[in-house]
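Quick note on labels: first sequence line is chain A, next is B, and so on, each numbered from 1. Excluded from the calculations below are hydrogen atoms, water molecules and symmetry mates; all remaining heavy atoms, backbone and side chain alike, are included. These numbers come from a predicted model, not from an experiment.
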Number of protein chains: 4
Amino acid sequence: MADKETPKRAIILNAAIKVFAEKGYHSCRTLDISKAAEVAYASLYQYFKSKDDILLSIFRDNWNFLLRRMEKIKQSDDSPIDKLMGIFDFIFRSYTQNPDMMKVIIMDVPRLDQFYSPENWKLYNRFFMGLADIFQEGQEKGIFRKDISPIIASYVIYGAVDTTIRQYVYNPEFNHDNFPIEAARNEIMRLLIPGYLSKERTAKAVKRTRKGA
Amino acid sequence: MADKETPKRAIILNAAIKVFAEKGYHSCRTLDISKAAEVAYASLYQYFKSKDDILLSIFRDNWNFLLRRMEKIKQSDDSPIDKLMGIFDFIFRSYTQNPDMMKVIIMDVPRLDQFYSPENWKLYNRFFMGLADIFQEGQEKGIFRKDISPIIASYVIYGAVDTTIRQYVYNPEFNHDNFPIEAARNEIMRLLIPGYLSKERTAKAVKRTRKGA
Amino acid sequence: MADKETPKRAIILNAAIKVFAEKGYHSCRTLDISKAAEVAYASLYQYFKSKDDILLSIFRDNWNFLLRRMEKIKQSDDSPIDKLMGIFDFIFRSYTQNPDMMKVIIMDVPRLDQFYSPENWKLYNRFFMGLADIFQEGQEKGIFRKDISPIIASYVIYGAVDTTIRQYVYNPEFNHDNFPIEAARNEIMRLLIPGYLSKERTAKAVKRTRKGA
Amino acid sequence: MADKETPKRAIILNAAIKVFAEKGYHSCRTLDISKAAEVAYASLYQYFKSKDDILLSIFRDNWNFLLRRMEKIKQSDDSPIDKLMGIFDFIFRSYTQNPDMMKVIIMDVPRLDQFYSPENWKLYNRFFMGLADIFQEGQEKGIFRKDISPIIASYVIYGAVDTTIRQYVYNPEFNHDNFPIEAARNEIMRLLIPGYLSKERTAKAVKRTRKGA
DNA sequence: AATGAATGAGGTTTCATTCAT
DNA sequence: GATGAATGAAACCTCATTCAT
């Protein structure tokens, strides 16, 4: 934590992710964040305007990262199915690597009234629009059904991921051992993308995606 | 509001739905609820233990209503596709008739830390399990793919609805006129249920479901 | 409790004594009293003006009873020592028979700000004045030291009883078995009244006092 | 009040003593305390956990001070009578110097339900045990009657002081001018301690006690 | 007389943010 | 830039009392 290398802004953000994930945004106090970050209480306010701003910064930083990754995938010459696969793969890997961050993005960010500002919606929607673009590309190539509007498809795709991860994070009755998150990912793909079938193809797509990271 | 017929508990609950939907659970004060309900402040606390309890009562009452409806649909002799259709139809109609209530269920309830109690999870999961049962029935009848676990399918189905309604409620960039909610419903069905195609069949199923209400 | 014979006022008063003794005046609610009395909530207010009034009624009723008893003892032809003995005996017997009542009188009544009204002080002081009268009689008869003002003596006498009973009621470290309350009473007599010695005399005085009841 | 030298904790405590003495613990609001202390409202809660904690801190601080003083007196080579005299003198002088504090200790502290915790009883009882030790020393030296248990004697001694001060504080019918508190102190000594007689001896003991402070 | 639902005033405490060092 | 003590607004809930039946 008290990492001299890491800039203090990042230290605070990482600590906040941990604390938000543990207690929830509304239930934790700014004092908890400063303690977890091992910085002075008032230091928070030298790097962020407010508690809100910390949470929204977490969203913005990570969402922008996601968007950049999506952009790369979109511009690749993979098939639409592999593109979707690449995005799914990225999200689920993010969850595996940093479940706290994902928890915060999925649960705490949409909780915040201030999240629903035009600027944030714009950023938020860019992801849905990207998904829609890929879906539309698939429609044009005759891979996906044409009687579905791409934007609705993007909601369904995101909703599937969102709700599934929510279950992994919160549902105490859910047996994680029997349903490793990677299995869930594959099943969602199968359900949403009729053309998604062979494992070889998937493995190849994933490999390619990772190389491009 | 000051309805002599309606029991006071229901009056409070309806007022709370309105206030929660307008301002959000954390941003509204209990005083706002009592004013909206046109009852004395302390009356809230004769019918509910706390502000939390009001929100969770909204969830419990409506979720139980949803579960009862689902149970009826499950026990009908409709095909699994029509059963899913019936549930979608019920949820989307609920949204149309009482968008505030849906907003509260989708946005405020999962915000509340206290929501994640074993009792609530049990209630919450009964819906997913019901969806999974129908999906499994479809698998056994050879209608749905067998390489998807029913419980994951239920998450995807619910997530599709949840995220879509969320967009209808919150997204200011979203053009409601071009995407009436019924259209969204149909598109989600098409995306998730490969066998769902003909409009006649759907209309028939909906009719039957409504009659059975 | 639901005693048809006992007038309802007395039922409420007895229930209040029990509840006040258990939880303390400030920590119990009027609802607790009505429940313990098995009367309707609002019935309290047909017999008493307020919660305060209930507590003060307990004081007044019992204090008047004590005063009447003291008056009888004063007017007897016992020696001043036996008179004091009679009063001590009455108080300690009251504690043995109804510790809850004594607890309320000693702990809750003086807690109440409203207790310190001129009327109540007048009533309260009549007891001290009675004690002082007896002490003065003893001084005049050459039994007690003359260099002590009777009123101060009355405070000391009452304080001894008050503090001792307080210990019996509240002190968890106090070993009741080793110090039966009667032993305490005798020791206080010995300490305060130099002439108080022989057991026979005491027994006689007690007997006489009881007969006069 | 706004004393830069005095640590803020002490400022708050002194203000609380004043406010509690004036209005009583239950009748005053925490806002009154902060105003009297001329500190910000929330500052109370940086130094104390709660309103209760403020009152109990007043008790603990002053009681510990009393205990330390008693310990010194016990370890002196004064006679048991002079030791008791020293303690009486200290308590009555404390009352003269800070009647508000004494009022709070005698009236408000024992009001508080939370006062009756094992820890507080332990502290409280140390005073009674100290008094009992001195009384027992007097018994062993043949000064006090042996047929009185020291612990009961300690209750009587404390009760005498407690009740007398209570009268000085609260009784409106009591004529303070005719009974200066020092006179009361002497009379209590005469009543409780048969051997206590000569004024010269007393004066000497008091002098010695003060010197040793 | 008896009931219990309805009332609203009032107080403690929390916590994000600022300020003086 | 760093610190942490100081700040005060804001909100939930309790509870004695009244009122309508």
Assess the residue pair Lys18(C) and Asp32(C) against the criterion (salt bridge (Lys or Arg N to Asp or Glu O under 4.0 Å)); give the C-alpha distance rounded to whole Å, side-chain angles, the decisive distance to 0.1 Å, and a yes or no.
CA-CA 10 Å; Lys18(C) 199 179 149 197; Asp32(C) 298 327; over 6 Å; no

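- To the nearest angstrom, P of dC13(F) lies 9 Å from CD1 of Ile54(B).
- The side-chain contact (heavy atoms from CB on, under 4.5 Å) search around Tyr170(D) returns Tyr116(C), Trp121(C), Lys103(D), Met107(D), Arg111(D), Arg166(D), not counting sequence neighbours.
- When the C1' atom of dT3(E) is taken as reference, atom CD1 of Ile12(C) falls 13 Å away, rounded to whole Å.
- Rounded to the nearest 0.5 Å, atoms CG (Asp61(B)) and CZ (Arg9(B)) are 4.5 Å apart.
- With hydrogens and angles ignored, the 3.5 Å screen pairs no side-chain donor or acceptor of Lys35(D) with any backbone N or O of Tyr41(D).
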Note, DNA chain E 5' to 3' with Watson-Crick or G-U pairs under 3.5 Å encoded as ( ), [ ], | and . gives .||||||||||||||||||||

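- Each of Ser27(D) and Tyr47(C) has a nearest nucleotide on DNA chain E; the 5'-most of these lies closest to Tyr47(C).
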With B for base contact, S for sugar-phosphate-only contact and - for none (protein heavy atoms under 4.0 Å), nucleotides 16-21 of chain E reads BBBB--

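- In this structure, Arg9(D) atom CZ and dA6(F) atom P are separated by 14 Å, rounded to whole Å.
- No donor-acceptor pair closer than 3.5 Å links the side chain of Ser27(C) to the backbone N or O of Gly24(C).
- As rounded to whole Å, 16 Å separates atom P of dG4(E) from atom NZ of Lys8(B).
- Taking atom CG of Leu55(B) as the reference point, atom P of dC12(F) lies 13 Å away to the nearest angstrom.
- Rounded to whole Å, atom C1' of dG4(F) lies 16 Å from atom CG of Asp32(A).
- Going from atom CG of Leu123(A) over to atom CG of Asn64(A) covers 5.0 Å, rounded to the nearest 0.5 Å.
- Listed nucleotides: dG8(E), dA2(E), dG8(F). Nearest to the side chain of Ala40(D): dG8(F).
- A straight line from CD of Gln46(D) to C1' of dG8(F) spans 13 Å, rounded to a whole angstrom.
- Note on Phe48(D): nothing from the nucleic acid sits closer than 4.0 angstrom, heavy atoms only.
- Using a 30° and 60° split on the angle between ring planes, Phe59(B) and Trp63(B) fall in the tilted class, from 30° to 60°.
- Of the possible polar contacts, one joining the Ser57(B) side chain to the Asp53(B) backbone as a donor-acceptor pair under 3.5 Å is found.
- In this structure, the side chain of Asn98(A) does not engage the main chain of Ser94(A) through any donor-acceptor pair within 3.5 Å.
- Distance Asp53(B) CG to dC12(F) P: 14 Å, rounded to the nearest Å.
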